[in-house]
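Reviewing the structure listed below.
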2 protein chains.
Amino acid sequence: MHNKIFQNFLGRKGLKMTRERFAVLEEVFSAPSHFDPEQLYARIRASALKASRASVYRTLSLLVESGLVEKVSRSGRGNIYEHTYGRRHHDHMICDVCGEIIEFYSENLENLQLDICGSNNFEGMSHTLEIRGHCENCRD
Amino acid sequence: MHNKIFQNFLGRKGLKMTRERFAVLEEVFSAPSHFDPEQLYARIRASALKASRASVYRTLSLLVESGLVEKVSRSGRGNIYEHTYGRRHHDHMICDVCGEIIEFYSENLENLQLDICGSNNFEGMSHTLEIRGHCENCRD
DNA sequence: AGTCCAATTGAAATTAAATCTCAATTTCAG
DNA sequence: CTGAAATTGAGATTTAATTTCAATTGGACT
Ligand SMILES: [Mn+2]
Ligand SMILES: [Mn+2]
Ligand SMILES: [Zn+2]
Ligand SMILES: [Zn+2]
């Protein structure tokens, strides 16, 4: 599982599995799927396996590079991440009122983007589609 | 034109048209359509009509509220804006290598998003679609 | 043209996210 | 075990943006 995947990734890069990296890894995968780094750091400080803020940010970058985590969005000031192990790509709707995040996936929409890239000779490698508005509960 | 529109907007809100706000307005509409606030501030400092950094940021917020300017991207560190007066909504492809920004618009893609909002009972009010990758010139 | 007062300004301090520095510590291949 | 290379954390630094507040200004109303 993600533990072994991260180990392999580190191995390939000549990096070491440390107790701090393990702490971040565990916390990322027990966190709600969307999280921000400062929340994550607070959770880690409260847990048994500690890591400094610097290590949290450094490990987060490695997790993104390994493909286990993705940067999802910037809500206001900081970034939002989510763990993606065993999950399919998807995009997000975000409620401006209550902050709820709704995930969606559309094959058509993905294909349309491929077409658009094609007709611009652009080699698309990733994308973020974020729809903002009012969720079911928050619309009048 | 944008001058009058901004005046009206300010009037409606009981705000005043000051020389600083005018300076920002002029610079925003003589700038390349995509810009970041610090660039804008630098340009204003170099121009005849000065304004402080605080006023630049404050006026930028008002311009966004007035609909003359939109926040375009949140992917790097700071925000990117563009003036939208007389321009149609569109989305962006951004080259990871050279930073080029390619604009595109697809009716199908917009409609697909409407459908998706509909089937989630979500009242979509705005969206950003940002495709990152390599542009024509930067792909091998 | 003058009065007045709420709106506005700018310099500097502050906040917040994220990154950097570097001496001390840890990991792990051999 | 050993030792070289990787890693860590406390605190300093960077960067974008916001806040503070005394001094200034816009413009409605005479
Ligand atoms: Mn998600
Ligand atoms: Mn644009
Ligand atoms: Zn909501
Ligand atoms: Zn390019």
Side-chain angles (χ1 to χ4, degrees), chain A residues 3-4 6-28 34-66 69 71-81, chain B residues 3-4 6-28 34-66 69 71-81:
Chain A
N3 199 327
K4 207 65 203 152
F6 195 42
Q7 294 254 30
N8 287 345
F9 168 79
L10 292 174
R12 262 177 277 124
K13 300 208 65 175
L15 304 179
K16 296 167 180 175
M17 174 52 97
T18 65
R19 70 176 103 281
E20 289 81 4
R21 283 174 180 157
F22 183 75
V24 175
L25 181 68
E26 287 301 291
E27 202 56 47
V28 161
H34 304 108
F35 62 90
D36 77 63
E38 292 293 325
Q39 279 169 7
L40 185 69
Y41 174 52
R43 287 171 55 109
I44 286 171
R45 296 201 63 179
S47 81
L49 306 158
K50 318 284 186 197
S52 68
R53 170 177 282 111
S55 285
V56 169
Y57 278 99
R58 287 187 289 229
T59 304
L60 214 36
S61 294
L62 291 171
L63 286 169
V64 168
E65 204 186 331
S66 78
V69 167
K71 187 183 291 188
V72 160
S73 129
R74 271 186 78 201
S75 100
R77 289 283 202 99
N79 293 318
I80 306 248
Y81 295 83
Chain B
N3 198 326
K4 207 65 204 152
F6 195 41
Q7 295 252 29
N8 288 347
F9 168 78
L10 292 174
R12 260 177 280 124
K13 298 208 68 175
L15 304 180
K16 298 169 180 176
M17 174 53 96
T18 63
R19 71 176 106 281
E20 289 80 6
R21 282 174 182 159
F22 183 74
V24 174
L25 180 67
E26 287 302 291
E27 204 55 49
V28 160
H34 303 108
F35 63 90
D36 76 63
E38 292 293 326
Q39 279 169 6
L40 184 69
Y41 173 52
R43 288 171 56 110
I44 287 172
R45 296 201 63 178
S47 81
L49 305 158
K50 319 283 186 197
S52 69
R53 171 177 282 112
S55 285
V56 169
Y57 278 99
R58 287 188 286 228
T59 304
L60 214 35
S61 294
L62 291 172
L63 286 168
V64 168
E65 204 185 329
S66 78
V69 167
K71 189 182 289 189
V72 160
S73 158
R74 282 158 252 26
S75 64
R77 281 283 208 100
N79 292 319
I80 305 241
Y81 295 83

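Only a predicted model underlies this, so the values are computations on that prediction, with no experimental measurement involved. Chain A is the first sequence line, chain B the second, and so forth, proteins listed ahead of strands; every chain is numbered from 1.
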Does any non-hydrogen side-chain atom of [Y] lie less than 4.5 Å from one of [X]?
X       : Y       : answer
A:Tyr41 : A:Leu60 : no
B:Glu20 : B:Thr59 : no
B:Phe22 : B:Asn3  : yes
A:Phe6  : A:Arg21 : yes

*Between the axis at one end of the helix from C:dA1-D:dT30 to C:dG30-D:dC1 and the axis at the other (five pairs apiece), what's the angle to 10 degrees?*
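Between the axes fitted at each end of the helix from C:dA1-D:dT30 to C:dG30-D:dC1 lies an angle of 40°.
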If I take atom [atom1] in residue [X] and atom [atom2] in nucleotide [N], what distance separates them, rounded to the nearest angstrom?
X       : N      : atom1 : atom2 : answer
B:Ile80 : D:dT15 : CD1   : C1'   : 15 Å
B:Lys13 : C:dA6  : NZ    : C1'   : 16 Å
A:Arg21 : D:dG9  : CZ    : P     : 11 Å
B:Arg45 : C:dG10 : CZ    : P     : 11 Å
A:Gln39 : C:dA17 : CD    : C1'   : 13 Å
A:Arg74 : D:dA17 : CZ    : C1'   : 10 Å
B:Lys50 : C:dA11 : NZ    : P     : 12 Å
B:Phe22 : D:dG27 : CZ    : P     : 13 Å

*Using a 4.0 Å cut-off on protein heavy atoms (strictly under), produce a 5'-to-3' string for nucleotides 19-30 of chain C with B for base contact, S for backbone-only sugar-phosphate contact, and - for none.*
BBB-----BS--
*Which residue lies toward the 5' end of DNA chain D, A:Leu10 or B:Pro37, if each is placed at its nearest nucleotide?*
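By nearest-heavy-atom nucleotide position, the 5'-most residue is A:Leu10.
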*asked:* Test your reading of the model: is there a side-chain donor-acceptor pair from B:Arg19 to the backbone of B:Leu49, 3.5 Å cut-off?
replied: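 Side chain of B:Arg19 to backbone of B:Leu49: no pair is present.
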*Working to the nearest 0.5 Å, report the span between CG of A:Asn79 and CZ of A:Phe35.*
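Here the rounded value is 10.5 Å.
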_Using 0.5 Å steps for rounding, measure from the CZ atom of B:Arg53 to the CG atom of B:Leu40._
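CG of B:Leu40 is found 11.5 Å from CZ of B:Arg53.
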*Among all residues two or more places apart in sequence or in another chain, which pass the side-chain contact (heavy atoms from CB on, under 4.5 Å) test with A:Ala54?*
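For A:Ala54 the side-chain contact (heavy atoms from CB on, under 4.5 Å) partners, ignoring immediate neighbours, are A:Ser52, A:Arg58.
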*In this structure, are over 12 heavy atoms from other groups packed under 6.0 Å from B:Lys50 atom NZ?*
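Correct, the count exceeds 12.
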_Using a heavy-atom cut-off of 4.0 Å across all strands, would you classify A:Asn79 as base, sugar-phosphate, or nothing?_
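A:Asn79: backbone/sugar contact only, no base atoms under 4.0 Å.
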